[in-house]
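Below: one structure, written as structure tokens.
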Amino acid sequence: GIIIGSWDLFVSQVESIQNLASKGVHKEILREGARRCLLRTIFLLDDIVAVTKEGFKIKTDLDFSILEQK
């Protein structure tokens, strides 16, 4: 059904990201590969948020005080 098909697609996406992320372990990863891995991760997270009931709350006011040196 739709859920199984979606689950298979989800698993496939996670495996694809894992494979991209693991490439750097055995050889140097190229900028394009790192970019592709980052973008696929972002798209996967967006898909996860899309299926949640209320989504995730986003902080619009960031606290930059932790970046200040003491």
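Predicted model only: the values in this text are computed from it and were never measured.
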- Query: Which residues satisfy the side-chain contact (heavy atoms from CB on, under 4.5 Å) test with Glu32, sequence neighbours excluded?
  - Reply: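 In terms of side-chain contact (heavy atoms from CB on, under 4.5 Å), with neighbours along the sequence ignored, Glu32 is linked to Leu30, Arg36.
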Can you list the residues that meet the side-chain hydrogen bond (donor to acceptor under 3.5 Å, both in side chains) rule with [X], with sequence neighbours excluded?
X: Ser16; value: Arg40
X: Gln18; value: Ser22
X: Arg35; value: none
X: Asp46; value: none

- Task: With rounding to the nearest 0.5 Å, note down the distance linking CG in Leu44 to CG in Leu39.
- Result: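 Those atoms lie 12.5 Å apart.
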- Query: Are Val11 and Val14 in one and the same hydrophobic cluster, where Ile, Leu, Val, Met, Phe, Trp and Tyr link if side-chain heavy atoms are under 4.5 Å apart?
  - Reply: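 In one cluster with Val11: Val14, yes.
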